[in-house]
There are 2 protein chains.
Amino acid sequence: MSGTPGPGPADEAAPRRDLAAMVVPLGRALVAAEEPVLRAHQVSMWGYVVLNALAEQPVRTPSIRAPSIRAPSIRTQAALALAIGADKSRIIGVLDELQQRGLIERRPDPADRRVHLLALTEAGRRLRESVREAIQRHEEERVLAALPEADRAAFIRALRILSELPPEDISG
Amino acid sequence: MSGTPGPGPADEAAPRRDLAAMVVPLGRALVAAEEPVLRAHQVSMWGYVVLNALAEQPVRTPSIRAPSIRAPSIRTQAALALAIGADKSRIIGVLDELQQRGLIERRPDPADRRVHLLALTEAGRRLRESVREAIQRHEEERVLAALPEADRAAFIRALRILSELPPEDISG
DNA sequence: TATTGTTATACTCTATAACTATA
DNA sequence: TATAGTTATAGAGTATAACAATA
């Protein structure tokens, strides 16, 4: 059956570890790599996640949505919590600190006085950019550099696709 | 500067999210996907990790090691804990249960009566294979299937390389 | 009645420290 | 003294439930 008896079996599936067994430890290492940068900028991991979520505010095509349907904007705390996969009660301390440092604004919504509208301040946007730049430079130099040149683009492409998949598509 | 004003900037670096921001949620989803399989086989996540570590026991080239130097074999509990990135105190309950179910053996080392030598039983090996097969089938069908055919091999190749990198290479 | 932000509480992991038996 | 395994304790992180204000 096997064409070449040389090194590397041809028709036997090369055994690989489970994706989770590779992805999870890698994630831990990547988080550890971010920590010094975050400390240097005095932001917590969750703080940085929040800054990113507010900055990345996806431009959803408004054409699809009827005006009567309330857009689930990320600008409310509940929507933010949902977007970053955290409980709404868990981000409050984070928001408190970001606000205290002038990195975000929390303004009452005149239309619905229960909600707080969130927005990045200019300082918040700048800080997020600095952190992001430092982190991604490190990633290029220390992580992606370890990959064969030819695989880098495909890796990032695949990662983007999989990370944008609805979690329930993956969990089954 | 930009050659084509069409869709997709040519010389502006396509902004990507931080690797950690993509990898960590993906890891969470992959773990969630494993859970039903693990439950069906009545193993905990850590139990499965242990079974894998014992089964994957890397065949280290013995030629390099002088006989006088004690090989840090994975068969002791301490070595196992190190290998899977857990504290030695944390795996004890896991080992207890695996042993009780006849999936592993814990035998005193005659040469050093402090240590317990760990080994998979035949039942343990079989169970691990079943779980692994189910998990990887699911991964192929639900996860990797979402990737462009041409990127799959590169993705797995890259993942293997990065996950085998010493964590301190990544953290800096 | 349902929802937003908030606070308080409980629970799950995980890390640390102590203990024993060997070396 | 140091180490392997074990146990007990404490801490961090997270989830759940209750609350006031508003819809």
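Note: hydrogens, waters and symmetry copies are ignored here, and every other heavy atom, side chains too, is used.
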Rounded to the nearest angstrom, tell me the gap between atom [atom1] in [X] and atom [atom2] in [N].
X: Leu82(B); N: dT3(D); atom1: CG; atom2: P; value: 14 Å
X: Leu117(A); N: dG5(C); atom1: CG; atom2: C1'; value: 13 Å
X: Asp112(B); N: dA23(C); atom1: CG; atom2: C1'; value: 6 Å
X: Arg75(A); N: dG5(C); atom1: CZ; atom2: P; value: 14 Å
X: His116(B); N: dT22(C); atom1: NE2; atom2: P; value: 10 Å
X: Leu80(A); N: dT6(C); atom1: CG; atom2: P; value: 12 Å

dT6(D) phosphate, OP1 or OP2, under 4.0 Å from Arg106(B) side-chain N/O: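 So the side chain of Arg106(B) is within the cut-off, an N or O lying under 4.0 Å from OP1 or OP2 of dT6(D).
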On the nucleotide dT12(C), are OP1 or OP2 found under 4.0 Å from the side-chain N or O atoms that Trp46(B) carries?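 No, no such contact exists.
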Does any pair with a residue in residues 108-166 of chain A pass ring pair (Phe, Tyr, Trp, His ring centres under 6.0 Å), and if so which ones, sequence neighbours excluded?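 Non-adjacent pairs meeting ring pair (Phe, Tyr, Trp, His ring centres under 6.0 Å): Phe155(A)-Phe155(B).
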Nearest 0.5 Å, please: how far is CD in Gln57(A) from CG in Leu118(A)?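 Answer for the CG-CD pair, Leu118(A) versus Gln57(A), is 9.0 Å.
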Would you give the length of the straight line joining atom CZ of Arg160(A) to atom CG of Leu147(B), rounded to the nearest 0.5 angstrom?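 So the CZ of Arg160(A) and the CG of Leu147(B) are separated by 13.0 Å.
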Donor-acceptor pair present, Arg114(B) side chain and dT3(D) base, under 3.5 Å: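 Such a pair is found, so the answer is yes.
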Neighbours of DNA chain D within residues 21-30 of chain B, by heavy-atom distance under 4.0 Å: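 Nucleic-acid contacts, sorted: none.
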Among residues 83-102 of chain A, which residues get a heavy atom nearer than 4.0 Å to DNA chain D?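 The answer is Asp87(A), Ser89(A), Arg90(A).
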Contact between Val24(A) and Leu30(B) at the side-chain level, heavy atoms closer than 4.5 Å - yes or no?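 Result no, sub-4.5 Å side-chain heavy-atom pair not found.
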With heavy-atom distances below 4.5 Å as the criterion, would you say the side chains of Val31(B) and Met45(B) are in contact?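 The answer is yes, as the side chains (C-beta and beyond) meet within the 4.5 Å cut-off.
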Is any side-chain N of the basic residue among [X] and [Y] closer than 4.0 Å to the acidic one's carboxylate O?
X: Asp109(B); Y: Arg114(B); value: no
X: Arg128(B); Y: Glu56(B); value: yes
X: Arg152(A); Y: Glu149(A); value: yes

Side chains of Arg101(B) and Gln42(B): do they bring a donor and an acceptor to under 3.5 Å?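 Judged by distance alone, the side chains do not pair up.
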